[in-house]
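Structure first, then comments.
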Amino acid sequence: MPLGHYLVLSGLLFAIGTAGVFLRRNLITLLLSVEIMLNAVNLAFVAFGRAHGHVDGQIITFFVMTVAAAEAAVGLALVIGLFRHRESLNPEAFTSLKW
Amino acid sequence: MATDALLFYAFAGVTVIGALLVVSQKNPVYSVLSLIGAFFGLAGLYVGLEAPFVAVVQIIIYAGAIMVLFLFVVMLLNVPREDAAEWDRSHPLYRPMAVRIGAAMAVLLALELGWALSRATDIGGAVNAEPNERISSVAELGEVLFTRYMFAFEVTSILIIAAMVGAVVLARKRQE
């Protein structure tokens, strides 16, 4: 498969994730959309690594996964805290700092 | 060669449809489950890219650990579905100015990406024309990870412990 196909697929996934962040009003789905974007970047890393014959692309993928795990843990803890506070997951409910 | 393309399109289709379902489902439980499906498609793509270890890690860590964490939180919170009627009224993207600017930016981004991809010269060559033993070997991966990326690997442990302490502190019940 040409490298371009993988890059187009990666761009498509990233666009879907971005659309999810902008269009959805649920904190959990927002976090899931961020995961889609991180995975799109992972795919581009692995495809470039394969095309250039390096293992570095795969290694960066592990670091991205670690960061994704940390982000999911802290993000979900924040979601639980916010839900306890307001009984809602709609980002519109948390605008106290807005002026 | 034909099976190669067939597998790519099959796995790419699974991934894209899974991602679209994540964004379009109203119920967060279905969103999480479709994302797990999309990750299985991505793992298939990684196998096609001769990265079997990344594929296995994708299933075990992502689909296994991170998504189960999401599923636990969704089920613990018993999250209400999004209300479509309220969504239409309150969504900031429905303000006319935001619609215009956002649409213009999206079109610009698509044009720019298409331009860049059409101008790139060396992306037409096949990624996996000749098999590469070195790149799919776990031993090689480990050697590079524990020599050239040693520092980043050690810093990762600090990141994880900070995230763990942060998550415990944030999710703890306040006792007054």
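Protein chains get the first letters and strands the later ones, always in sequence-line order, with residue 1 at the start of each. The shown structure was predicted, so the numbers you read here are calculated from the model rather than taken from an experiment.
- In terms of heavy-atom pairs under 4.5 angstrom with chain A, the leader among B:Ala152, B:Ala110, B:Gly166, B:Ala106 is B:Ala152.
- Options B:Val169, B:Val22, B:Leu109, B:Leu113 differ in how many heavy-atom pairs under 4.5 Å they form with chain A, and the most are formed by B:Val22.
- Rounding to the nearest 0.5 angstrom, the gap separating the CD atom in A:Gln58 from the CZ atom in B:Phe53 is 9.5 Å.
- Of all the listed residues (A:Val79, A:Val67, A:Leu43), the one sharing the greatest number of non-hydrogen pairs under 4.5 Å with chain B is A:Leu43.
- When each of B:Ile160, B:Leu7, B:Val16 is checked for heavy-atom pairs under 4.5 Å with chain A, B:Val16 comes out on top.
- A pairwise comparison of heavy atoms in B:Ala163 and A:Val74 identifies O-CG2, 3.7 Å as the closest pair.
- Heavy-atom minimum distance, B:Ala12 versus A:Leu9: CB-CD2, 3.8 Å.
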Hey, can you pull the donor-acceptor pairs under 3.5 Å for the side chains in residues 55-69 of chain B, sequence neighbours left out?
| from | atom 1 | to | atom 2 | distance (Å) |
| --- | --- | --- | --- | --- |
| B:Gln58 | NE2 | A:Asn39 | OD1 | 3.1 |
| B:Tyr62 | OH | A:Glu35 | OE1 | 3.1 |

Determine all donor-acceptor pairs shorter than 3.5 Å in which one atom belongs to a side chain in residues 141-150 of chain B; sequence neighbours excluded.
| from | atom 1 | to | atom 2 | distance (Å) |
| --- | --- | --- | --- | --- |
| B:Thr147 | OG1 | B:Glu143 | O | 2.7 |
| B:Thr147 | OG1 | B:Val144 | O | 3.4 |
| B:Arg148 | NH1 | A:Asp56 | OD2 | 2.6 |
| B:Tyr149 | OH | A:Asp56 | OD2 | 2.6 |

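- One N or O on the side chain of A:Arg24 and one on the backbone of B:Val23 form a donor-acceptor pair closer than 3.5 Å.
- Nearest heavy-atom pair, A:Ala77 versus B:Ala167, reported as atom, atom and distance to 0.1 Å: CB-O, 3.5 Å.
- In terms of heavy-atom pairs under 4.5 Å with chain B, the best-connected choice from A:Gly11, A:Gly81, A:Ala70 is A:Ala70.
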